[in-house]
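Worksheet for the structure shown next.
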Protein chains: 2
Amino acid sequence: MAQAENAERQGSRAGSRDEIERAILDAAERVFAEAGFGGATMQAIADHCGLPKANLHYYFASKKQLYRRVVERIFRVWLQAADSFESSASPEVALRRYITRKMELSRAHRYGSKVWANEVMHGAPIIQDFLETTLRDWTESRARVIRRWIAEGQVRPVDPHWLLYMIWATTQHYADFAHQIETLNHGPLSDAQWDAATETVCGIILRGIGLEGGR
Amino acid sequence: MAQAENAERQGSRAGSRDEIERAILDAAERVFAEAGFGGATMQAIADHCGLPKANLHYYFASKKQLYRRVVERIFRVWLQAADSFESSASPEVALRRYITRKMELSRAHRYGSKVWANEVMHGAPIIQDFLETTLRDWTESRARVIRRWIAEGQVRPVDPHWLLYMIWATTQHYADFAHQIETLNHGPLSDAQWDAATETVCGIILRGIGLEGGR
DNA sequence: AATGACCTTGACTGATTGGTCAGGCCTGCT
DNA sequence: AGCAGGCCTGACCAATCAGTCAAGGTCATT
């Protein structure tokens, strides 16, 4: 009985339910990023994924709920990147890996980063509880790791919070302000430029806290 | 003849025309910052400065024009900060002064910074020409100064652009993401915390590019 | 081919919002 | 007092947009 294999079970036009939802979420992420929640219209989102507007409301009850789903998806990606900050590794390795991962995220998920920035700038109406729980816990746990490094004399004494904010700010800037960067750069950054920017960010921060004596 | 001293010349309710326009611009800056252009309503702006909505349209023809005036005002403040990067000073002095000034701006003009961030994130529909002229010229001129420092062996070799982006990102983060920072901090930053953050940002960046051997 | 579950969509609606306007108001001048 | 010029505002449009709905389509199962 029941639906057996559910892959490709719906054949009317496009793919499965999951695929359609993902297409809508992709379009919504982009439109929300470029216009903000208030400036985004369901019609624009519909146009971006080639669906009639009424169809969006079949998959997502309301604009607010669609937005919430977009933000939740971005949150999951953020968590994944947070894991790359391994507290068991040496400070050089842990920080370099974390910064590199965040730069990759900025490149791969420009729109997600923008939606996140918008959400926080507007007072985090949706993710406030996440800021107060998951983000705060994560931040304090990494702050403890950094303080341990400082106590062991591996890292120069700095308040870990200012350091973390610096990493977040710098890496996310490449997504949130991509338009400004690309204007100054006369076009998108090349692979080599991304690598160079990542290396420079790692270099300045690591050296700035007393690591990486050489090179 | 004519209006002689024009200070306090209108007495109906509030202050002079300039004062009213400034009150509207202040309210608009805040509302645009917190809701984005699309999410902001003229009614909300009117409420924030205690004027009836129709009165706003007496002073500003349209929402778009009001927004443009807000952005132009922010641009003027930005220019003022840009001047604090004196190319004639030593790299330590020039960069430290510039970073400090930008941190002060983030503290004093949180909403302005947010409006700017919003504008750039949405593709800079209004300030595009400014990005391509004033900002690009300024950036290239400071990049030349930094390259000179590098050639003179005063600064470690880095692409000046990545360095400037890092400064912009980090300092503006304290305005744009103020809500997130205050959530993690269990409240607004104190004077001492602002000083500490500024000192840490200066320290990491200066040390990161090979300056400030001591301390 | 009939059934039923699920998907699609054009047309519609109620609410919101940018913008308008006519008439009222206040102030300084004569 | 009377007048003129600028300022103020409640009430009112026209446009836009989120969300609804009913009719129709598609597919697997029997």
Side-chain angles (χ1 to χ4, degrees), chain A residues 1-25 27-29 31-32 34-71 125-126, chain B residues 1-25 27-29 31-32 34-71 125-126:
Chain A
M1 315 182 166
Q3 57 269 49
E5 311 306 293
N6 65 355
E8 209 74 18
R9 72 188 187 286
Q10 253 72 38
S12 67
R13 194 70 44 105
S16 69
R17 176 163 196 129
D18 282 352
E19 281 168 1
I20 294 175
E21 283 191 4
R22 216 168 63 80
I24 295 173
L25 286 168
E29 184 172 293
V31 172
F32 283 133
E34 292 183 335
F37 179 82
T41 66
M42 294 297 274
Q43 188 60 61
I45 295 170
D47 292 346
H48 267 267
C49 54
L51 258 45
K53 188 186 65 145
N55 209 343
L56 263 58
H57 281 96
Y58 177 76
Y59 288 97
F60 298 92
S62 69
K63 183 184 178 185
K64 205 172 276 186
Q65 225 165 91
L66 173 57
Y67 176 73
R68 186 182 288 271
R69 286 284 303 276
V70 168
V71 171
I126 294 208
Chain B
M1 307 189 173
Q3 57 269 51
E5 311 306 294
N6 65 355
E8 209 74 19
R9 71 188 187 285
Q10 252 71 38
S12 68
R13 196 67 46 104
S16 69
R17 176 163 196 128
D18 282 353
E19 282 168 1
I20 294 175
E21 283 191 3
R22 216 168 62 81
I24 296 173
L25 286 169
E29 183 172 294
V31 173
F32 282 134
E34 292 184 334
F37 180 82
T41 66
M42 294 297 274
Q43 189 60 59
I45 296 170
D47 292 347
H48 268 267
C49 55
L51 259 43
K53 188 186 66 147
N55 209 344
L56 264 58
H57 280 97
Y58 177 76
Y59 288 98
F60 298 92
S62 68
K63 182 183 179 185
K64 205 173 275 185
Q65 224 164 92
L66 173 56
Y67 177 73
R68 186 183 288 270
R69 286 284 302 276
V70 168
V71 171
I126 293 208

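So you know, we letter chains A, B, ... as the sequences are listed, proteins then strands, and number each from 1. What you see is a predicted model, and the numbers here were worked out from it, not measured in a lab.
Residues passing the ring-ring contact (aromatic ring centres under 6.0 Å, His included) test with F37(A) are F32(A), Y67(A), sequence neighbours excluded. For E21(B), the side-chain contact (heavy atoms from CB on, under 4.5 Å) partners at least two apart in sequence or on another chain are R17(B), Y59(B), F60(B), R69(B).
Closest heavy-atom contact between I126(A) and R68(A): CG2-NH1, 4.0 Å.
Residue N55(B) contributes atom CG, which lies 19 Å from atom P of dG23(C) at whole-angstrom precision. Rounding to whole angstrom units, CG of residue L51(A) and P of dT9(C) are separated by 6 Å. If you take CZ of R17(B) and P of dC8(D), they are 9 Å apart, rounded to a whole angstrom. Note: NZ (K53(A)) to P (dA11(C)) measures 13 Å, nearest angstrom.
Contacts between residues 57-69 of chain A and DNA chain C, defined by a heavy-atom separation below 4.0 Å, involve Y58(A), Y59(A), listed by number. For the segment residues 37-45 of chain B, the set of residues with a heavy atom within less than 4.0 Å of an atom of DNA chain C comprises A40(B), T41(B), M42(B), in numerical order.
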Give every donor-acceptor pair under 3.5 Å between a side-chain atom in residues 46-57 of chain A and any protein atom, sequence neighbours left out.
residue	atom	partner	partner atom	Å
D47(A)	OD1	Q43(A)	NE2	3.1

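For the atom pair CD1 of I24(A) and CD of E19(A), the computed distance is 12.0 Å after rounding to the nearest 0.5 Å.
Distance from the side chain of I20(A) is smallest to dT8(C) among dC8(D), dG10(D), dT8(C).
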Full working for side-chain contact (heavy atoms from CB on, under 4.5 Å) between V31(B) and T41(B)
CA-CA 8 Å; V31(B) 173; T41(B) 66; 5.9 Å; no
